[in-house]
Amino acid sequence: MAKKKSKDKAGSNTIAMNKQARHEYFIDDEIEAGIELQGWEVKSLRSGKVNIAESYVYVRDGEIFISGMNITPLQAASTHVVANPTRIRKLLMSRKEIDNLIGRVNREGMTLVATTMYWVRSWAKIKVGVAKGKKLHDKRTDSKEKDWNRDKARIMKSSLR
């Protein structure tokens, strides 16, 4: 009898994360989207040569696009393809999800932010967060809360000994 494939630990399929997004925005909701990629881009993703920190997501003509995502081409990439590392890529979602995002962006003044890029089987997916920008005092409050939680964990750890 063949062995079953064991599940990899959580997070092992993550390609890239935008850690700064949680610091800059209140992320209300996250939606998974596919990405329209070229062959050389998939090869670069497999080797982890992607940066989504400076990227932003926007709506144009009823479609969702991501701009500023940098996928660095490999040295061994095909020579007949002109690799543009920062080209605008289309995100793939259902019409219902797109309409929901358009409504939230237009009515509520929300922003779309790329938070995480990961593999689902052989497909590259990206999580798009529906977010609202933080003010400076919100960032300070979050920082104080994070520090307090760290100190609280240290206190609890030392009291258990």
Side-chain angles (χ1 to χ4, degrees), residues 8-147:
D8 290 347
K9 61 185 178 187
S12 63
N13 58 354
T14 303
I15 301 168
M17 290 184 71
N18 185 359
K19 294 180 182 179
Q20 196 66 23
R22 300 237 181 248
H23 179 71
E24 297 289 331
Y25 300 98
F26 291 114
I27 297 179
D28 188 36
D29 191 21
E30 287 186 326
I31 297 170
E32 181 180 83
I35 312 167
E36 193 175 73
L37 295 171
Q38 296 175 349
W40 68 269
E41 292 172 329
V42 176
K43 287 182 178 183
S44 293
L45 288 181
R46 293 216 182 271
S47 63
K49 296 187 176 286
V50 64
N51 182 10
I52 63 171
E54 293 98 29
S55 66
Y56 58 95
V57 180
Y58 62 93
V59 179
R60 185 174 21 143
D61 298 330
E63 294 178 332
I64 309 289
F65 295 94
I66 186 166
S67 180
M69 180 171 69
N70 188 1
I71 299 178
T72 307
L74 296 174
Q75 292 296 326
S78 181
T79 56
H80 68 280
V81 176
V82 178
N84 182 3
T86 58
R87 75 177 182 91
I88 297 171
R89 295 166 181 90
K90 184 177 177 181
L91 297 183
L92 309 172
M93 295 182 187
S94 68
R95 174 55 48 198
K96 185 177 177 182
E97 290 175 332
I98 292 173
D99 291 341
N100 182 15
L101 289 179
I102 291 171
R104 292 182 76 178
V105 167
N106 290 341
R107 279 192 312 269
E108 301 172 21
M110 302 295 254
T111 304
L112 302 176
V113 179
T115 57
T116 309
M117 189 177 212
Y118 54 93
W119 294 108
V120 174
R121 293 185 295 277
S122 61
W123 302 100
K125 301 286 184 175
I126 192 161
K127 275 222 171 148
V128 176
V130 181
K132 192 159 191 92
K134 285 185 182 178
K135 304 278 190 237
L136 182 61
H137 60 86
D138 294 328
K139 293 177 189 176
R140 286 186 190 139
T141 304
D142 283 351
S143 177
K144 286 179 187 177
E145 186 175 322
K146 185 176 174 183
D147 291 343

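Keep in mind the model is a prediction, meaning the values are calculated, not measured.
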Please report the shortest heavy-atom distance between [X] and [Y], naming the atom on each side.
X	Y	value
Thr72	Trp40	C-CZ3, 4.4 Å
Val113	Val57	C-CG2, 4.4 Å
Leu74	Ser47	CD2-OG, 3.4 Å
Glu97	Glu32	OE1-O, 4.3 Å

Show your working on side chain to side chain contact (heavy atoms under 4.5 Å, CB included) between Leu91 and Val128 and close with a plain yes or no. CA-CA 10 Å; Leu91 297 183; Val128 176; 3.8 Å; yes
Hey, is Asp142 close enough to Lys146 for a salt bridge, meaning N to O under 4.0 Å?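 Here Asp142 does not pair with Lys146 in a salt bridge, since their nearest N and O are not under 4.0 Å apart.
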Ion pair check, Arg22 and Glu30, cut-off under 4.0 Å: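 Yes, Arg22 and Glu30 are salt-bridged.
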Among Glu36, Glu41, Glu63, the one residue meeting salt bridge (charged side-chain N to carboxylate O under 4.0 Å, His left out) with Arg89: Glu41
Does the side chain of Thr111 reach to within under 4.5 Å of the side chain of Tyr56, using non-hydrogen atoms? no
So, the side chain of [X] versus the backbone of [Y]: is there a donor-acceptor pair under 3.5 Å, distance only?
X	Y	value
Thr115	Lys127	yes
Asp28	Val130	no
Asn51	Ala53	yes

